[in-house]
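Position 1 is the first residue of the sequence, and the numbers go up from there. Everything numeric in this text was worked out from a predicted model, so none of it was measured.
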Amino acid sequence: MNIAPEIEALRQRKAPLEMPPGEFREIGHRLVDQIADRLAKLPDGLVTPDESPADVRGVLGAERMLPTAGTDAGRLVSEATELLFDHSLFNGHPRFFGYITSSPAPIGMFGDFLAAALNQNVGAWRLAPLATEIEAQVIRWIAELIGFPISCGGLLVSGGNMANFVCFVAARAAKAPLDVRKAGLSRERRLLVYASMEAHTWIQKAADLFGLGTDAIRWIGTDNEQRMDTSALRRQIDEDLRLGHQPFLVVGTAGSVSTGAIDPLPDIAAICREHGLWFHVDGAYGALAAEVPGSPASLLALSDADSVAVDPHKWLYAPLEAGCVLVRDAERLRNAFSYHPAYYHFDDQVVNFFDYGPQNSRGFRALKVWLALRQVGRAGYLKMIGDDILLARHFHQLLARHPEFEAITQSLSITTFRYVPPDLRPQLGSEKVESYLSLLNQHLLTAVENSGEAFLSNALIGGKFMLRACIVNFHTSLGDVEALPLLLSRLGEEADTTLRLERVTVGDGSRPMGHGTGPVTMS
């Protein structure tokens with residue numbers, strides 16, 4: 001048989017992506033050294049550089065076309081390392097108090113590296129036997145850590161949105177009167193879901209994506225601590241039943257994004273039992289604090305939920321991505337997601353995660369979580385999470401005693417507050433003063449971010465713009481927390497001076513409103 005020369009040449013095939021072991025080892029060792037050096041210097045540097053989108057695109061050379069020829073791998077890895085460490089926002093910086101994204105555990109970094117080396121598809125047991133069993137063990141351990149039944153089913157997904165989505169679909173399949181997977185929703189009575197006004201926006205995406213439409217969400221009001229009003233929930237369910245609708249799901253929040261509020265989960269569980277509704281808890285943030293001494297007692301009702309969403313990349317400090325689905329009855333997941341086409345020949349006596357969620361191809365997310373859980377154990381995690389909470393409470397106390405701040409809320413590891421110039425404090429509540437304070441604190445937030453000395457986010461509470469500090473960071477120390485009021489006071493005074501000179505005048509506008517101008521009345 002004659003073989004074409006171009007085919008014969010493939011007997012000794014050498015692809016451009018191949019890397020000899022020696023080169024791989026050299027590049028890898030150098031990369032670890034670079035990362036270790038950079039991480040060691042991180043606390044002394046900026047949380048993020050003050051760069052515009054144009055600056056970042058310029059450094060990257062964003063307008064370049066795809067190169068025709070390749071570049072040396074070692075040079076590329078070093079270049080990418082320098083670029084990323086010089087032009088990124090660092091969630092792991094001890095003064096990152098922004099969103100609920102944690103500092104990454106070093107052992108989790110190694111976990112992602114090892115998982116990538118194996119490159120297994122953890123969709124079917126046969127394709128990734130040990131990886132599948134590790135993921136199943138992680139599911140049980142997380143359930144145990146939050147007080148959920150360890151006989152549950154579950155899987156790891158990309159994050160909180162996806163974890164909540166999976167639970168939403170499981171609830172829809174379980175509670176819809178017809179076989180909604182086959183018949184769809186067109187012949188159903190209106191399926192309704194209930195959540196507080198503080199619930200995360202994943203619920204709108206879920207209602208949209210999974211056929212209910214956002215009008216199917218019944219938004220329930222909250223009390224003065226941003227928790228669901230369960231009396232209002234009960235009234236709304238009764239009214240919807242009277243109108244012939246089909247309530248099927250109530251979502252309780254265990255740690256809201258804005259303030260860390262925890263809904264009255266025991267009361268919600270009782271209402272769900274009474275009406276035969278699926279009780280889901282969005283615990284992406286707060287569920288992992290359930291067993292921490294001194295945590296809100298309401299979290300103990302996680303054990304009563306039909307499903308819980310948890311994010312290991314929040315308070316288990318796993319590198320992104322890692323979300324976790326927990327469902328009391330594993331069959332509810334199979335009933336919602338399992339299909340077996342003819343080209344699947346997998347053993348159904350073992351766990352095949354493609355039966356439990358929307359993905360067929362699944363990365364080995366569990367390894368980084370499994371390694372960290374084993375490294376520090378239950379006691380280690382409860383201590384770290386507890387320390388984050390203690391630091392947030394201490395920060396709230398510092399602000400409450402400071403003449404230039406108004407401490408607003410504190411729950412779990414989230415504190416909300418605002419900067420208030422002392423001369424305006426007697427006029428709090430005045431419409432013009434409140435409007436000015438919202439503007440001032442928006443400018444202060446921008447100033448903090450631009451400084452790179454810390455990173456905060458914001459919350460809207462009672463229609464008022466507040467600053468928000470969240471600690472899910474095992475690098476953050478007491479010194480970092482105590483330095484923050486000093487920074488905010490300095491930047492707040494600068495922002496106030498600038499705004500009063502530029503935007504606000506007294507009386508007929510003949511002179512600026514500013515410090516040292518005598519009594520000021522914003523009326």
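- Taking CG of Leu367 as the start and CZ of Arg365 as the end, the distance is 13.0 Å to the nearest 0.5 Å.
- Side-chain atoms of Arg235 and Asp240, non-hydrogen and from C-beta on, never get closer than 4.5 Å to each other.
- Among Arg140, Lys368, Arg362, the one residue that satisfies the salt bridge (charged side-chain N to carboxylate O under 4.0 Å, His left out) test with Glu135 is Arg362.
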- Query: After noting the C-alpha distance and the side-chain angles of Glu434 and Arg418, does the key distance pass the salt bridge (charged side-chain N to carboxylate O under 4.0 Å, His left out) rule?
  - Reply: CA-CA 11 Å; Glu434 293 297 335; Arg418 62 180 176 173; 2.7 Å; yes
- Give the intermediate values and the outcome of salt bridge (charged side-chain N to carboxylate O under 4.0 Å, His left out) for residues Arg227 and Glu198. CA-CA 8 Å; Arg227 303 175 304 176; Glu198 292 295 313; over 6 Å; no
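- Counting only N and O atoms by type, the side chains of Ser307 and Trp278 include a donor and acceptor under 3.5 Å apart.
- When atom types are taken as modelled, the side chain of Arg95 and the backbone of Glu453 share a donor-acceptor pair closer than 3.5 angstrom.
- By the 30° and 60° cut-offs, the orientation of the rings of Phe417 relative to Phe405 is perpendicular.
- Here the side chain of Thr416 pairs a donor or acceptor atom with the backbone of Thr409 at under 3.5 angstrom.
- Counting only heavy atoms from C-beta outward, the side chains of Phe148 and Ile142 never approach each other to under 4.5 Å.
- Contact check for Leu84 versus His87: no side-chain heavy atoms found under the 4.5 Å cut-off.
- Within the 3.5 Å criterion, the main-chain N or O of Gly276 finds a donor-acceptor partner in the side chain of Lys175.
- Remark: the backbone N or O of Thr476 is not paired with any side-chain donor or acceptor of Asp480 at under 3.5 angstrom.
- Between Lys314 and Ile100, the closest heavy-atom pair is CG-O, 3.3 Å.
- Listed here is the closest heavy atom pair of Ile389 and Ala289: CD1-CB, 4.3 Å.
- Side chain of Arg172 to main chain of Phe210: a donor-acceptor pair is present (N/O by atom type, distance under 3.5 Å, no hydrogens or angles).
- Residue Phe97 is tested with Val472, Leu456, Asn473 for a side-chain contact (heavy atoms from CB on, under 4.5 Å); the sole match is Leu456.
- Counting only distance, with no hydrogens or angles, the side chain of Ser103 and the backbone of Phe474 share a donor-acceptor pair below 3.5 Å.
- The closest side-chain heavy-atom distance from Val193 to Val250 is not below 4.5 Å.
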- Task: Start with the C-alpha distance between Phe353 and Trp125, add both sets of side-chain angles, then the distance that settles side-chain contact (heavy atoms from CB on, under 4.5 Å), and finish with yes or no.
- Result: CA-CA 8 Å; Phe353 281 115; Trp125 192 96; over 6 Å; no
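- Under a 3.5 Å cut-off, the side chain of Ser298 and the backbone N or O of Asp263 do form a donor-acceptor pair.
- Between the CD1 atom in Ile262 and the OG atom in Ser295 there is a gap of 7.0 Å [rounded to 0.5 Å].
- Formation of a donor-acceptor pair under 3.5 Å by the His93 side chain with backbone atoms of Gly45 is found in this model.
- When each of Trp202, Phe168, Phe279 is tested with Val251 by the rule side-chain contact (heavy atoms from CB on, under 4.5 Å), just one qualifies, namely Trp202.
- Here the CH2 atom belonging to Trp219 is positioned 5.5 Å from the CD1 atom belonging to Ile203, to the nearest 0.5 angstrom.
- In this structure, Leu300 CG and Ile146 CD1 are separated by 11.5 Å, a value rounded to the nearest 0.5 Å.
- Distance check, rounded to the nearest 0.5 Å: CG of Leu390 to NE2 of His394 gives 10.5 Å.
- A donor-acceptor pair shorter than 3.5 Å can be found between the side chains of His313 and Asp311.
- Donor-acceptor pairing under 3.5 Å is recorded for the side chains of Ser457 and Arg468.
- Side-chain polar atoms of Tyr285 and Ser413 form a donor-acceptor pair below 3.5 angstrom.
- Taking the six-membered ring where tryptophan is involved, the planes of Phe96 and Phe455 are essentially parallel, since the angle between them stays under 30° and well short of 60°.
- In this structure, Gly147 and Ser303 approach most closely via the heavy-atom pair O-CB, 3.2 Å.
- Counting heavy-atom neighbours within 6.0 Å of Ile150 CD1, excluding the residue itself, gives a total of 12 or less.
- Between Leu243 and Glu239, some side-chain heavy-atom pair lies under the 4.5 Å cut-off.
- Using a 30° and 60° split on the angle between ring planes, Trp141 and Trp370 fall in the parallel class, below 30°.
- Proximity of a side-chain donor or acceptor of Asn352 to a complementary backbone N or O of Phe354 within less than 3.5 Å is not detected.
- A 6.0 Å sphere centred on CZ of Arg374 holds no more than 12 heavy atoms belonging to other residues, nucleotides or ligands.
- Within 6.0 Å of CZ in Phe85 there are more than 12 heavy atoms belonging to other residues, nucleotides or ligands.
- Nearest heavy-atom pair across Ala143 and Pro149 is CB-O, 3.9 Å.
- In this model, no donor atom of one side chain and acceptor atom of the other lie less than 3.5 Å apart for Asp208 and Gln204.
- No donor-acceptor pair closer than 3.5 Å links the side chain of Asn119 to the backbone N or O of Ala116.
- The CZ atom of Arg234 sits 12.0 Å away from atom CD1 of Ile220, with the distance rounded to the nearest 0.5 Å.
- Residues Ser256 and Thr259 have side chains that bring a donor and an acceptor to within less than 3.5 angstrom of each other.
- Figure legend: Arg181 and Tyr339 shown as a cation-pi pair, the cationic atom lying under 6.0 angstrom from the six-membered ring centre and within 45 degrees of its axis.
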- Task: Would you check, one step at a time, whether the test salt bridge (charged side-chain N to carboxylate O under 4.0 Å, His left out) holds for Asp387 with Lys383?
- Result: CA-CA 6 Å; Asp387 287 347; Lys383 176 68 165 60; 2.7 Å; yes
